[in-house]
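We count ligands from 1, going down the list as the structure has it; atoms in each ligand are counted the same way.
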Amino acid sequence: MAWDFSTEPAFQAHLDWMREFVREEIWPLETLDLGVEQLDRAMAPLQERVKERGLWAAHLDPELGGQGYGQVKLGLMHEVLGSSPYAPLAFGNQAPDSGNSEILALAGTPEQKERWLHPLLAGDLKSAFSMTEPDTAGSDPTLLGTRALREGDEYVISGRKWFSSNASIADFLIVMAVTDPDARRYQRASMFIVDVDTPGVEILRDVATMEHPHGGYGRYGGHAEIHYDDVRIPASNLLGAEGAGFLIAQQRLGPGRIHHCMRWLGVSQRAFDMLCERATYREAHGSVLAQKQTVQNWIADSAAQMQAARLMTLHAAWKMDTEGASAARREIALIKFFGAQCLHDVVDRALQVHGSLGYSTDLPLEAMYRFARGARLYDGPDEVHRQSVARFILGSYEPPADGVPSEHVPTRRAAAQEKFAHLLDAVTAND
Ligand SMILES: Cc1cc2nc3c(=O)[nH]c(=O)nc-3n(C[C@H](O)[C@H](O)[C@H](O)COP(=O)(O)OP(=O)(O)OC[C@H]3O[C@@H](n4cnc5c(N)ncnc54)[C@H](O)[C@@H]3O)c2cc1C
């Protein structure tokens, strides 16, 4: 039997160190209103300590300076990092840089790795992933409208994107654009590396969102709108083969979704701790809230949802480690919508139990709530993942040949009477 839910002691020691480090050194930074440069300065000494501890950029293989841990260990690390929006930055695996470094590691040429990947891993460059467009459905990227036309030894990119996270502070963008509109659906698009300083790249704004209602320009976590106005890039900036955009995206998104789900559990746990703490001291209607059955239900339901989401996510990670990304597609689709709902529900209950304090910015719960809402959209909306899960499952079912449900009791009874006729006859005879 090989079912084992334990963590090996040496790795548990890393997790324990991380938990303490994140809580003591990174949580306090959240309370300060830091700009990009201030945050980078505050992070630098923390990043050094993470490097000394050998935990920097752990999502990559050892030859690229990572640890080659695999998805289960990475997942456990992301659970710790999820407790603070700044923690991934201290550990060199913040989205979207971590996913983009995986793309470059996977599909980049030696020259591309030298120029973009190594400085990205060192923390000297920042990146963004630019796929979603305002005018076509992001949930069906085969509809992409942005074009990349080959002209001699260049590509010319034109189109409009938005929600390119971190693009307004990025040095380069990984852009998904259609290279052959007549190819098969999943072979139409390709990925390109685009330096933000290339003429024609117009980063218009960080879109104002629920998470950052004031929009603006140039912040970590901003979601930029970009106009690509006949942007000429060298053909050598193509990533992988022409038409391989979806293939590469699929390989990037699998691990990324595991990390998202584990980070959401880090957020959920923090909200859950606030929920439980509040229940112990707030009195109303003759008792502390902990003695109200509704609040007890919230605690139990949250614990159950988090436990389920955690086990499902670690199972998806294990499947990816043992059988590969493709074999884990169903499990990943399951956790993407289940984990996002878990995050939403736990944060919502924690906010509710705090009343007006929960709604105020005196606690981080309202920000967590706004963050949680986005989780049901990015990397594929809930409905698309539910559809994928249902398709996977239905693929192993067939309609009954005679149109009668397999479990139809009268039909089964008739078959059982026939099958066991000799026994039934014997019983009757003995009577
Ligand atoms: C916080 C955040 C960060 C993001 N970061 C990035 C980024 O860095 N780079 C990037 O390229 N994009 C990013 N996105 C964009 C994100 O990936 C898209 O929003 C997402 O893919 C959905 O695309 P859409 O917004 O065009 O919605 P649409 O595709 O128009 O879908 C709208 C709605 O239609 C419904 N729907 C769609 N398909 C189905 C279906 N099959 N069955 C039932 N209902 C369906 C769903 O309810 C869905 O929410 C980010 C989004 C958010 C919110």
Side-chain angles (χ1 to χ4, degrees), residues 82 85 88 94-103 120 126-146 157 159-170 172-178 185 189-194 196 201 203-213 215 219-228 239 245-246 248-250 252-254 256-257 259-261 263-264 267 332-333 336-337 339-341 343-344 347 367-392 394:
Q94 68 283 1
D97 291 340
S98 54
N100 289 340
S101 64
E102 276 163 2
I103 290 180
L120 185 64
K126 295 183 176 67
S127 68
F129 184 70
S130 193
M131 181 159 93
T132 305
E133 303 173 347
D135 301 327
T136 62
S139 49
D140 181 2
T142 62
L143 300 173
L144 282 180
T146 298
I157 300 179
R160 189 173 284 264
K161 302 279 187 184
W162 79 339
F163 276 79
S164 300
S165 303
N166 277 5
S168 64
I169 58 165
F172 71 93
L173 312 157
I174 293 185
V175 182
M176 184 93 148
V178 174
R185 271 157 59 84
S190 308
M191 277 191 198
F192 298 92
I193 306 170
V194 178
V196 289
V201 175
I203 301 181
L204 303 171
R205 58 170 177 151
D206 280 338
V207 179
T209 62
M210 266 179 87
E211 207 181 339
H212 301 298
R219 60 176 305 156
Y220 275 109
H223 308 295
E225 179 169 0
I226 308 176
H227 180 206
Y228 295 90
L239 269 163
F246 288 111
I248 302 170
Q250 211 49 48
R252 170 195 192 266
L253 287 171
R257 286 176 181 143
H259 306 160
H260 275 314
C261 291
R263 284 197 295 267
W264 298 338
V267 181
I332 287 170
K336 175 63 182 53
F337 73 83
Q341 190 66 50
L343 169 68
H344 173 273
V347 171
M368 289 178 176
Y369 188 78
R370 289 181 285 123
F371 168 78
R373 195 60 189 81
R376 294 185 50 207
L377 293 168
Y378 55 76
D379 272 16
D382 290 357
E383 294 74 17
V384 174
H385 289 290
R386 284 195 164 96
Q387 176 179 290
S388 302
V389 168
R391 279 188 182 153
F392 275 120
L394 289 171

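Among all non-hydrogen protein atoms, the one lying nearest atom 41 (N) of ligand 1 is Gln387 OE1, 2.8 Å. Nearest protein heavy-atom neighbour of atom 2 (C) of ligand 1: Tyr378 CD2, 3.5 Å. Given atom 39 (C) of ligand 1, the protein heavy atom at minimum distance is Val384 CG2, 3.9 Å. Scanning all protein heavy atoms for the shortest distance to atom 35 (C) of ligand 1 gives Glu383 OE1, 4.5 Å. Among all non-hydrogen protein atoms, the one lying nearest atom 27 (O) of ligand 1 is Gly138 N, 4.3 Å. Scanning the protein heavy atoms around atom 13 (C) of ligand 1, the nearest turns out to be Phe163 O, 3.0 Å. Protein heavy atom nearest atom 33 (C) of ligand 1, with residue, atom name and distance: Pro381 CG, 5.0 Å. For atom 9 (N) of ligand 1, the closest non-hydrogen atom on the protein side is Phe129 O, 2.8 Å.
At least one N/O-N/O distance between Ser139 and ligand 1 falls below 3.5 Å.
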Show your working on side chain to side chain contact (heavy atoms under 4.5 Å, CB included) between Phe163 and Glu133 and close with a plain yes or no. CA-CA 8 Å; Phe163 276 79; Glu133 303 173 347; over 6 Å; no
Quick one: do Lys126 and Asn100 satisfy side chain to side chain contact (heavy atoms under 4.5 Å, CB included)? Show the steps, please. CA-CA 10 Å; Lys126 295 183 176 67; Asn100 289 340; over 6 Å; no
Worked verdict on Ile248 versus Met176 for side chain to side chain contact (heavy atoms under 4.5 Å, CB included): CA-CA 10 Å; Ile248 302 170; Met176 184 93 148; over 6 Å; no
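In this structure a side-chain-to-backbone donor-acceptor pair under 3.5 Å is missing from Glu211 to Gly374. Under a 3.5 Å cut-off, the side chain of Lys336 and the backbone N or O of Arg386 do not form any donor-acceptor pair. Proximity of a side-chain donor or acceptor of Asn166 to a complementary backbone N or O of Tyr220 within less than 3.5 Å is not detected.
Protein heavy atoms are found less than 4.0 angstrom from atom 46 (C) of ligand 1. Counting protein heavy atoms under 4.0 angstrom from atom 21 (O) of ligand 1 gives one or more.
Of the heavy atoms in Lys161, none comes closer than 4.0 Å to ligand 1. The proximity of Leu377 to ligand 1, defined as any non-hydrogen pair under 4.0 Å, involves the side chain as well as the backbone. With a 4.0 Å heavy-atom cut-off, ligand 1 is reached by the backbone of Thr136 but not by any atom from C-beta on. The backbone and the side chain of Met131 each have at least one atom closer than 4.0 Å to an atom of ligand 1 (non-hydrogen atoms only).
Of all the atoms in ligand 1, the ones that sit under 4.0 Å from a non-hydrogen atom of His223 are 1 (C), 2 (C), 3 (C).
Distances from atom 8 (O) of ligand 1 to the heavy atoms of Ala128, Pro96, Ser165, Gly221 put Ser165 nearest. When the options Thr132, Asp382, Thr209 are ranked by their closest heavy atom to atom 17 (O) of ligand 1, first place goes to Thr132.
Scored by the ring-ring contact (aromatic ring centres under 6.0 Å, His included) test, Phe172 finds Trp116 as partners (sequence neighbours excluded).
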With a 3.5 Å cut-off and sequence neighbours excluded, list the donor-acceptor pairs that the side chains of residues 377-385 form with protein atoms.
residue: Tyr378; atom: OH; partner: Trp264; partner atom: NE1; Å: 3.2
residue: Asp379; atom: OD2; partner: His260; partner atom: NE2; Å: 3.4
residue: Asp382; atom: OD2; partner: Arg376; partner atom: NE; Å: 2.6
residue: Asp382; atom: OD2; partner: Arg376; partner atom: NH2; Å: 3.3
residue: His385; atom: NE2; partner: Asp379; partner atom: O; Å: 2.8
residue: His385; atom: NE2; partner: Gly380; partner atom: O; Å: 3.4

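Looking at Arg252 and Glu102, no side-chain N of the basic residue comes within less than 4.0 Å of a carboxylate O on the acidic one, giving no salt bridge.
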